[in-house]
Amino acid sequence: MKLRVSCNLDFQIVEASVLILMLRPFRGLQQWINHEAYTIEPAIPIIECTDNFGNSCQHLSAPVGDFLIHTSSEVMVNDNSDIAPGAYFVEIQYLPNEVLTFLLPSRYCESDRFGDLARDIICDAQPGYDQVSKINAWVRESIQYLPGSSEFPLSAVEVHYRGYGVCRDLAQLAIALCRSISIPARLVVGYLYNLQPMDLHAWFEAYIGNQWYTFDPTQFDSRGGRVIIAFGRDAADVSIFHQFGAGCLLNNMDVRVDLLDNSSITTL
């Protein structure tokens, strides 16, 4: 399907502040960027770089006053996410080097705290994809998905104790459970078509059968229509903006995802 995605940010800069943004869709991985726009007001220099996970980041120094950022992209993505029941567990010694970091505990995914719970959840599942499916279903059934309920990132331990959270919280608990049984898992942030209420969304991917598969404990099917912005170990790696200093206030964020006519696709 062809989607137009956009994110508008309206900041009030009280004192000059440095921002690191992560707003451009990821290139590759079954999504094709057909058109992209990125504007800021007032116009100032931006330094672009790529982080350790391959995500596109933009660095800038925002001046005092109103500061507006508009991004939009037309993207071709899959209608449905790939599924692979029975896909095999990859033993650690055979994992690619770039995947190994997604086995370790991280700031918001304390996988060293969830081994016993994870083994209870997956006790009758075949190693690999079926285990992750069990974990994904358990998080969906055990943790209430409440959009807007978490202003700041919570750790997997905190979410498990509290029993509810936003999409990011549920995904990070699932990630911690996967890593605790030696299945690499990573957080993904991006757009999801027909998400209600509309906002940026977070889900997770697990490495099984020598590839990454999408899982989302907030949804009941293998929905496609996902536009990836960034990957990381947890929320600390994939925030759409980091501000440095106390002089930057986000007054409004508007996110939209629209289905476009596929007949207008441009190919190279």
Side-chain angles (χ1 to χ4, degrees), residues 80-87 89 102-192 194-209 212-226 231-239:
N80 297 288
S81 298
D82 290 340
I83 60 173
F89 169 82
F102 299 108
L103 278 175
L104 304 176
S106 59
R107 178 177 177 182
Y108 296 113
C109 299
E110 311 99 320
S111 52
D112 51 338
R113 304 280 297 276
F114 286 97
D116 291 342
L117 176 59
R119 284 187 286 272
D120 287 342
I121 294 170
I122 55 103
C123 62
D124 59 348
Q126 179 178 334
Y129 189 97
D130 295 357
Q131 291 177 325
V132 182
S133 292
K134 281 271 191 178
I135 287 171
N136 191 58
W138 182 89
V139 172
R140 181 187 302 119
E141 295 164 3
S142 303
I143 308 297
Q144 185 179 7
Y145 172 44
L146 284 179
S149 61
S150 297
E151 184 177 355
F152 301 102
L154 301 174
S155 75
V157 169
E158 291 171 319
V159 173
H160 182 224
Y161 176 79
R162 193 168 74 160
Y164 65 90
V166 299
C167 55
R168 172 192 61 225
D169 302 327
L170 274 65
Q172 290 182 150
L173 176 55
I175 288 169
L177 289 162
C178 288
R179 292 179 187 170
S180 73
I181 55 170
S182 300
I183 294 179
R186 64 188 183 184
L187 186 66
V188 188
V189 66
Y191 301 90
L192 176 59
N194 267 344
L195 179 67
Q196 298 297 330
M198 181 51 65
D199 201 345
L200 289 174
H201 191 53
W203 59 95
F204 77 101
E205 292 183 345
Y207 192 82
I208 314 143
W212 292 101
Y213 287 95
T214 295
F215 296 87
D216 189 341
T218 73
Q219 306 298 315
F220 288 92
D221 54 27
S222 56
R223 295 177 57 184
R226 297 174 188 269
F231 305 94
R233 293 164 297 183
D234 57 31
D237 293 329
V238 297
S239 174

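In this text, all values refer to a predicted model and were calculated from it rather than measured experimentally.
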Heavy-atom check, side chain of I83 versus side chain of Y129, under 4.5 Å: yes
Distance-minimising heavy-atom pair for A176 and F114: CB-CD1, 3.8 Å
Within 6.0 angstrom of R113 CZ, more than 12 heavy atoms from elsewhere: no
Distance (rounded to the nearest 0.5 Å) between N136 CG and D216 CG: 7.0 Å
For the student: nearest non-hydrogen atoms of C109 and A156, plus distance: CA-CB, 4.4 Å
V159 versus L154, closest heavy-atom pair with distance: CG2-CB, 3.8 Å
Aromatic plane relationship, F215 with F204 - under 30° parallel, 30 to 60° tilted, over 60° perpendicular: parallel
Which atom of I183 lies closest to which atom of I208, heavy atoms considered: CG2-CG1, 4.5 Å
Heavy-atom check, side chain of T214 versus side chain of V188, under 4.5 Å: no
Within-4.5 Å side-chain heavy-atom neighbours: D234 and I175: no
L187 vs Y108 side-chain heavy atoms within contact, under 4.5 Å: no
Residues F102, R233; criterion side-chain contact (heavy atoms from CB on, under 4.5 Å); working and verdict: CA-CA 6 Å; F102 299 108; R233 293 164 297 183; 4.2 Å; yes
Reported CZ-to-OG1 distance for the pair R223 and T218, which is rounded to 0.5 angstrom: 8.0 Å
Whether Q131 side chain and G128 backbone form a donor-acceptor pair below 3.5 Å: yes
Test item: Q172 and R168 side chains (from C-beta on) under 4.5 Å apart, heavy atoms: yes
Heavy-atom pair of closest approach, residues G165 and I143: N-CG2, 4.3 Å
Atom pair CD1 (I181) and NZ (K134), whose distance is rounded to the nearest 0.5 Å: 12.0 Å
Side-chain touch F89/S182, heavy atoms, less than 4.5 angstrom: yes
Note, R107 side chain near D237 side chain (heavy atom, < 4.5 Å): no
Over all atoms of both residues, closest heavy-atom pair of S111 and S180: O-CB, 3.2 Å
Note, P147 side chain near Y145 side chain (heavy atom, < 4.5 Å): yes
Spatial distance of atom CG (D169) from atom CD (Q144) [nearest 0.5 Å]: 12.5 Å
Rounded distance [0.5 Å steps], CG in L192 versus SG in C167: 9.5 Å
Nearest-0.5 Å distance that lies between atom OG in S106 and atom CZ in R179: 4.0 Å
